[in-house]
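To find a chain, count down the sequence lines: A is the first, B the second, and so on, and within it residues start at 1. Treat the numbers as computed from the prediction; the structure is a model and nothing was measured.
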Protein chains: 2
Amino acid sequence: MSTDIPARMLPVTDRTRHRRLREQGSVSRDDLDAVLGAGFVCHLAVVVDGSPLAVPTVYGFDAAADTLYLHGSAASRSLVQSPGASVCVTVTHIDGLVLARSVFEHSVNYRSAMVLGVPRVVTDPDEKLHGLRVLAEQSAPGRWDHARGPSRKELAATTLLALGIDEASVKTSTGHTDDADGPDGELPVWAGVLPLLHTWGEPEPDPALRAGIPLPPHVAERAGTQAG
Amino acid sequence: MSTDIPARMLPVTDRTRHRRLREQGSVSRDDLDAVLGAGFVCHLAVVVDGSPLAVPTVYGFDAAADTLYLHGSAASRSLVQSPGASVCVTVTHIDGLVLARSVFEHSVNYRSAMVLGVPRVVTDPDEKLHGLRVLAEQSAPGRWDHARGPSRKELAATTLLALGIDEASVKTSTGHTDDADGPDGELPVWAGVLPLLHTWGEPEPDPALRAGIPLPPHVAERAGTQAG
């Protein structure tokens, strides 16, 4: 390999990728897993009384088992009305605004995954405990072993849904506008990206926290880190 | 008013509000407007081929006209298949994790609004221009006057939807867990809130930006400010 090819090629490759493939569908399972793994709230689309609803709810992603776990409460009316009906789980991360030279070319940088299918109610006690653990750890890693686990009564009171990752899509949009390539490139308009950052803040202790309970590392370590 | 009542009452009132009303539906139009006004991406639920889909898309909120504006592309398959069909627009802001003493009591602090109805395609040219302006300014205030406005051809190529705010709901969840009130209050478990912050980052100029175009105030002023 020539030593100067990488140095000359890389910037061009980056620009090419940004300009030609701004919005890009992917069939890569790795890309899907990355989007599902980075979030903890999805929008669950169900049909209730004949009309679609998008309901925000927490989820857990078990990549090894090709399964999303969801609390049943968000889908409960839909489940009662039409068991066996399809749902859609959408996970979206908004990464920034793409400010173009014309309003028409403005867009959003994002990563979004969609999983479609018919969820099943988890009845096996072992899977239910496993699924709830996956769900809890998705938003709050380390929490399952720190907090009190669910009692038999609490387990019975929770409806857990499992949705297989059989039909899914993932789309991402990154980089800058490509409108400098056309006549708009001559306009005296500032173009660029305004990033949107999602960050965990400083932990706020419960006002009723007992004295002498220190902030545990699994919470302390997240402050200032990226979410999503 | 006695001078010592507010000082004694306020902490109790705060705790009462947090504990009794953690998750709260509201019928206040002001609350709805605040949630819709704070975002720029919604999840649009539609039915396609008989199955619900939740699709992320940008929106504009015109409070004075009781109207949400949406790009038609996200709903296009649904519109073609079943004109006059209902949709659901959900706007969700995630504010943090509520870390409780038991995994069962864990929850999320959030604000979420849902608008239900049958969208209409905007055909009036004046309303179309107005709606696109509302949509552009929702995510990028000041952008409409800075960037090149839409040409006749661009206007014709854009399907804009309007959804009246006739049927809507808003829910918010704030504050801490209330599980210190029960036997779990004795557990040696750290409880509190881990806030999730959404912040605009430093603007990144387009690599193809012409020399001599300064960063305009409407972009510069947003860096470091809260989004959502």
Side-chain angles (χ1 to χ4, degrees), chain A residues 15 41 43 45-47 51-54 56 58 86-88 90 92 94 97 99 101-104 106 108 112 136 139-140 143-144 146-150 154 176-177 180 184 187-201 203-209 213 215-216 219 222 227, chain B residues 15 41 43 45-47 51-54 56 58 86-88 90 92 94 97 99 101-104 106 108 112 136 139-140 143-144 146-150 154 176-177 180 184 187-201 203-209 213 215-216 219 222 227:
Chain A
R15 293 192 186 198
V41 170
H43 280 79
V46 294
V47 175
S51 295
L53 288 183
V58 290
S86 290
V87 304
C88 168
T90 303
T92 305
I94 305 298
L97 297 176
L99 305 172
R101 290 163 182 84
S102 68
V103 294
F104 187 74
H106 276 62
V108 174
S112 186
S139 62
R143 204 64 200 160
W144 189 267
H146 182 73
R148 175 176 68 71
E154 288 169 344
H176 290 272
T177 175
D184 286 345
L187 293 172
V189 174
W190 190 90
V193 166
L194 186 63
L196 183 53
L197 311 173
H198 309 281
T199 316
W200 295 106
E204 300 167 356
D206 182 0
L209 189 67
I213 298 182
L215 182 67
V219 180
R222 296 185 87 187
Chain B
R15 292 192 188 198
V41 170
H43 280 79
V46 294
V47 175
S51 296
L53 288 183
V58 290
S86 290
V87 304
C88 168
T90 303
T92 305
I94 305 298
L97 297 176
L99 304 172
R101 292 163 181 83
S102 67
V103 293
F104 188 73
H106 276 62
V108 174
S112 186
S139 63
R143 204 65 200 161
W144 189 266
H146 181 75
R148 175 177 68 72
E154 288 169 345
H176 290 272
T177 176
D184 285 346
L187 294 173
V189 174
W190 190 90
V193 166
L194 186 64
L196 182 53
L197 313 173
H198 309 280
T199 316
W200 295 107
E204 300 166 356
D206 182 0
L209 189 66
I213 298 182
L215 182 67
V219 180
R222 297 185 86 187

- prompt: Taking atom types as modelled and ignoring hydrogens, do the side chains of Thr90(B) and His43(A) form a donor-acceptor contact shorter than 3.5 angstrom?
  reply: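 Not at all, the side chains of Thr90(B) and His43(A) share no donor-acceptor pair under 3.5 Å.
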Heavy-atom pairs under 4.5 Å with chain A - which of [options] has more of them than the others?
options	answer
Ala227(B), Ala136(B), Ser139(B)	Ser139(B)
Val103(B), Val41(B), Val47(B)	Val103(B)
Ser51(B), Pro150(B), Pro56(B), Gly149(B)	Pro56(B)

message: Could you measure the distance from the CH2 atom of Trp190(A) to the CD1 atom of Ile213(B)? Nearest 0.5 Å is fine.
response: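 Rounded to the nearest 0.5 Å, the CH2-CD1 separation comes out at 10.5 Å.
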- prompt: Which distance, rounded to the nearest 0.5 Å, do you find between the OG of Ser86(B) and the CG of Leu53(A)?
  reply: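 Answer rounded to 0.5 Å: 9.5 Å.
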Between [X] and chain A, which part of the residue has a heavy atom less than 4.5 Å away: side chain, backbone, both or neither?
X	answer
Val58(B)	side chain
Ser112(B)	side chain
Leu194(B)	both

query: Tell me, do Leu99(B) and Glu204(A) make a side-chain contact under 4.5 Å, heavy atoms counted?
result: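 No. Closest side-chain heavy atoms not under 4.5 Å.
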Sort out for me which of [options] touches chain B most, counting heavy-atom pairs under 4.5 Å.
options	value
Arg143(A), His146(A), His198(A), Arg222(A)	Arg143(A)
Pro205(A), Pro52(A), Cys88(A), Ala45(A)	Pro52(A)
Val219(A), Leu196(A), Val87(A), Ile94(A)	Leu196(A)
Ala54(A), Gly201(A), Pro216(A)	Ala54(A)

All salt bridge (Lys or Arg N to Asp or Glu O under 4.0 Å) counterparts of Glu154(A), not counting sequence neighbours: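 Glu154(A) satisfies salt bridge (Lys or Arg N to Asp or Glu O under 4.0 Å) with Arg148(A) only.
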Minimum-distance pair of heavy atoms, taken over all atoms of Ala147(A) and Val189(B):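 Heavy atoms only, the tightest pair is CA-CG1, 4.0 Å.
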